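Since the structure is predicted, the reported quantities are computational estimates derived from the model, not experimental observations.
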Amino acid sequence: MLPAAFNQLETTALAKLLIGKSLFRKIGKTTLSGRIVETEAYLPSGDSACHAAAKRTPRNEVMFSFGGVAYVYAIHAKHCFNIVSESEGLGCAVLIRAAEPISGIEEMKANRETDSIYNLLSGPGKLCQAMKIDRSLNGKDLSKPNGVWIEDDGSKVDASRIKVTNRIGVTSAAELPLRFVLANSEFASGPKYMR
DNA sequence: CCCCAGATTGTCT
DNA sequence: GACAATCTGGGGA
């Protein structure tokens, strides 16, 4: 399991380093996991697309806690899973957008009501549905036994294999190059030219 | 309360 | 490639 300090890195650095790490989710006796292939950074300043950019509200409150807690919010009737970054009081996070299914694939297929492994974790809302991530995990510490955590399997991802693009879906600060995706991954969201 | 934008997804052409 | 479905949070009345 990754130490809490890992998540307190600068937000764009963390977003890049999370590529290739594994996201785990334990529900009862079932363990679900996937290798992260796509992330986006939401910065503590100068980023109007960041939920914490305007002011503290009940929704974005956990973004202001220390790096390493989960920030889960609902949008368009779906959930999105983020890891709060940096230090307490700043208001920033990394959105986990897509992952390659590793374990618990049959359970995730059932949760998503699909047979395709390419349609399980290939988007932020899909990933949350497949792994049963919802607001009950909001504010949970990923370095404690809360049923959701990140592991490093030791495999290195060379920086040259990470492609940088603008973020997907945001309407403000749309030009910022803050999306990171494993080059040529079949498990990323969006069309192939963005991989 | 009411209104509506939004870090999405699935379906249809 | 276009667009509707879906629903919550936050701002305004």
Side-chain angles (χ1 to χ4, degrees), chain A residues 7 10-16 18-19 23 34 36-65 67 69-86 90-101 108-139 142 148 150 162-182 185-195:
Chain A
N7 294 311
E10 188 278 327
T11 307
T12 55
L14 176 62
K16 281 184 232 178
L18 282 170
I19 301 291
L23 171 63
I36 297 169
V37 298
E38 182 180 347
T39 62
E40 283 179 359
Y42 287 84
L43 307 182
S45 62
D47 182 4
S48 56
C50 180
H51 284 172
K55 55 183 267 194
R56 276 169 103 128
T57 67
R59 179 177 70 151
N60 65 29
E61 181 60 30
V62 307
M63 289 188 83
F64 292 92
S65 50
V69 305
Y71 169 47
V72 183
Y73 65 90
I75 189 155
H76 293 291
K78 317 254 182 323
H79 292 285
C80 290
F81 175 73
N82 302 250
I83 299 174
V84 175
S85 54
E86 305 193 36
L90 292 181
C92 44
V94 174
L95 170 68
I96 308 301
R97 285 193 58 89
E100 171 185 350
M108 293 195 288
K109 283 181 177 176
N111 293 342
R112 286 275 302 136
E113 298 184 318
T114 178
D115 284 329
S116 168
I117 60 169
Y118 301 105
N119 202 21
L120 296 182
L121 305 176
S122 54
K126 297 178 185 180
L127 183 148
C128 286
Q129 186 182 18
M131 291 195 163
K132 292 197 169 177
I133 291 171
D134 61 27
R135 290 297 301 277
S136 69
L137 296 176
N138 192 39
L142 300 181
V148 58
I150 307 287
I162 299 177
K163 183 170 180 176
V164 183
T165 77
N166 56 305
R167 293 174 293 189
I168 293 180
V170 295
T171 51
S172 64
E175 75 290 355
L176 297 182
L178 294 175
R179 171 174 175 263
F180 306 95
V181 54
L182 186 63
S185 174
E186 293 296 312
F187 299 96
S189 74
K192 287 201 167 157
Y193 68 84
M194 302 215 37
R195 291 176 185 166

Counting side-chain heavy atoms from C-beta on, which of dG10(B), dC7(C), dG11(C) comes nearest to A77(A)? dC7(C)

Considering only heavy atoms from C-beta outward, does the side chain of I117(A) approach that of E100(A) to under 4.5 Å? no

Could you tell me whether the side chain of I19(A) reaches within less than 4.5 Å of the side chain of T39(A), counting heavy atoms only? yes

With a non-hydrogen cut-off below 4.0 angstrom, is R59(A) in contact with a base, only sugar-phosphate, or nothing? sugar-phosphate

Counting any heavy atom closer than 4.0 Å, what does R112(A) reach on the DNA or RNA strands: base, sugar-phosphate only, or nothing? sugar-phosphate

What is the separation between atom [atom1] on [X] and atom [atom2] on [N], rounded to the nearest whole Å?
X	N	atom1	atom2	answer
L176(A)	dA7(B)	CG	C1'	13 Å
Y118(A)	dT9(B)	OH	P	19 Å
N119(A)	dT9(B)	CG	P	9 Å
I75(A)	dG9(C)	CD1	C1'	10 Å
E61(A)	dG9(C)	CD	C1'	14 Å
N60(A)	dG10(C)	CG	C1'	10 Å
K78(A)	dG9(C)	NZ	P	15 Å
L121(A)	dT9(B)	CG	C1'	15 Å

Give a yes/no answer on whether the side chain of [X] brings an N or O atom under 4.0 Å of OP1 or OP2 in [N].
X	N	answer
R56(A)	dG9(C)	no
R135(A)	dT8(C)	no
T171(A)	dG6(B)	yes

Has the side chain of H76(A) got a donor or acceptor atom sitting under 3.5 Å from an opposite partner on the base of dA7(B)? no

Stacking between Y42(A) and dA7(B), defined as ring centres under 5.5 angstrom apart with planes under 30°, is that present or not? yes

If I pick the C1' atom on dA4(C) and the same atom on dC4(B), what distance separates them, to the nearest angstrom? 16 Å

Hey, what's the ring geometry for Y118(A) with F187(A), parallel, tilted or perpendicular (30° and 60° as the breaks)? parallel

Hunt down the Watson-Crick or G-U wobble partner of dA2(C), both distances under 3.5 Å, from any strand shown, or write none. dT11(B)

Can a donor-acceptor pair be found, under 3.5 Å and without considering hydrogens, that links the side chain of R112(A) to the backbone of N119(A)? yes

Rounded to the nearest 0.5 Å, the OH atom of Y73(A) sits from the CG atom of N138(A) at a distance of 11.5 Å

Quick check on DNA chain B: between S172(A) and Q129(A), whose nearest nucleotide comes earlier from the 5' end? S172(A)

